[in-house]
Enquirer: 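Input: one structure, supplied below.
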Amino acid sequence: MTDDTSAESPHREMAERILGGDIRSAARLMRLVDDEASAATAVLDELFAHTGDAYIIGITGNPGSGKSTLVDRMIEALRAQDLTVGCVAIDPTSPFSGGAILGDRVRMQRHALDEGVFIRSVATRGNLGGLSRSTPAFLQILDAMGYDILVVETVGVGQAEVDIVRLADTSVVLTVPGLGDDIQAHKAGLLEIADLFVINKADRDGAPRLRRELRSMLDIAAQGRDEDDWRPPVLETVATTGEGVERLLDEVRAHRDWLVEHELLRLNDARRVEHYVRMRAAGRIERLLDAGLDSERWDEAREALSARSFGPDHGVDILMELVREALS
Ligand SMILES: Nc1nc2c(ncn2[C@@H]2O[C@H](COP(=O)(O)OP(=O)(O)OP(=O)(O)O)[C@@H](O)[C@H]2O)c(=O)[nH]1
Ligand SMILES: [Mg+2]
């Protein structure tokens, strides 16, 4: 038994099983990612060469706007086209009001026995930093498993979540009628990231008005842009009945065709990979900083700082010096 292979093979074995579509191994790796276990990165690196093929759809919108219900319908329609679907549903609600996760499970339960569907809910307990770390890894795992379409569901509130949606190939922004004026600013911010607007709960009053509002905001935003630019369509759905879902998927396909035509699909992938590397680099730097703060030299610096013997910027210099030493 040589040390080298025995150290590597558990990672490789796990990777092989995941590449073979083993759902239990994938779920185990996701737990390792959640725990930020170092074993996870070794397996993820094994998987990396097998990623880059899935098409990623991001869905964002206010809490309760019907994202999960819509995703469930999308899964149903995609499966009817013989496409396999991996889904990551991010739920940033606190553990005290954790009904939504259960809701997701119940809603999407009917796909649980379908081998062509993998659904993973992520409870973040408000920890969006953690969320932005694990979601790209989850997407890579599902991508390596060979799912054709990946769907990320996230409440459009924080920057970390917006980033995730921005990293999708097609970003869908959900709105619903009757939320009042306070969402105007919110909508303006979402204009930037939306490739498709969906007015869900179109069975409610106010859908035509919201549609007109969004259209005019989009028209203003489109002024001065290229003829050739993608113009986000505004669609209406009733997720509870599935109305409008086929049309939504048609528009996702149209957007995909546009990306292909403009050679942007590769660029999206390159940006995702870069984002992923940056995130891992940030993790590594944080660990270096923590190690620096855990040193004897820093014990002295901490005392000196607390006595106001020098300023915080000099403290930074010392910490950087410790990081440099650790790197050399
Ligand atoms: N009337 C109507 N109700 C809907 C529609 N779509 C979803 N709902 C209902 O809206 C509620 C919230 O739906 P979810 O799919 O859980 O919404 P969500 O955006 O995933 O919610 P969070 O993940 O908690 O932010 C549920 O009771 C759905 O049945 C729709 O098109 N019309
Ligand atoms: Mg949901």
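Position 1 is the first residue of the sequence; numbering continues from there. In this text, all values refer to a predicted model and were calculated from it rather than measured experimentally. Read the numbers this way: they start at 1 and go in the same order the structure lists the ligands and their atoms.
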Enquirer: Is it the case that R280 and Y276 place a side-chain donor and acceptor less than 3.5 Å from each other?
Expert: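 Yes, because at least one side-chain N or O of R280 sits under 3.5 Å from a partner of the opposite role on Y276.
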Enquirer: Find all atoms of ligand 1 within a distance of less than 4.0 Å from any non-hydrogen atom belonging to E153, and give their numbers and elements.
Expert: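 Selected atoms, number and element: 20 (O), 23 (O).
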Enquirer: Are there over 12 heavy-atom neighbours, none belonging to R79, within less than 6.0 Å of that residue's CZ?
Expert: yes
Enquirer: Checking contacts here: is it the side chain or the backbone of D203 that comes within 4.0 Å of ligand 1, counting heavy atoms only? Could be both or neither.
Expert: side chain
Enquirer: Decide whether an N or O pair under 3.5 Å exists between A239 and ligand 1.
Expert: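 Between A239 and ligand 1, an N or O pair is found under 3.5 Å apart.
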Enquirer: Looking only at distances, can you tell me whether any N or O atom of P63, backbone or side chain, sits closer than 3.5 Å to an N or O atom of ligand 1?
Expert: no
Enquirer: Hey, can you tell me if W258 and H255 have their rings parallel, tilted or perpendicular (30° and 60° cut-offs)?
Expert: parallel
Enquirer: Just which atoms of ligand 1 are under 4.0 Å from any heavy atom in V238?
Expert: 31 (O)
Enquirer: Near S68, which atoms of ligand 1 are under 4.0 Å from a heavy atom of that residue?
Expert: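 In order of number, 15 (O), 18 (P), 20 (O).
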Enquirer: What's the OE2-the Mg ion (ligand 2)-OG angle here (E153, S68), rounded to 10 degrees?
Expert: 80°
Enquirer: Does an N or O anywhere in G64 fall below 3.5 Å from an N or O of ligand 1?
Expert: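 Yes: some nitrogen or oxygen of G64 is under 3.5 Å from one in ligand 1.
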Enquirer: Can you tell me how far OG of S171 sits from CD1 of I56, rounded to the nearest 0.5 angstrom?
Expert: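 It comes to 10.5 Å.
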Enquirer: Answer yes when R278 and E274 have at least one side-chain N-carboxylate O distance shorter than 4.0 Å, and no when they do not.
Expert: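 The answer is no: the pair does not qualify as a salt bridge.
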Enquirer: Does an N or O from R204, backbone or side chain, lie closer than 3.5 Å to an N or O of ligand 1?
Expert: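 No; every N/O pair is 3.5 Å or more apart.
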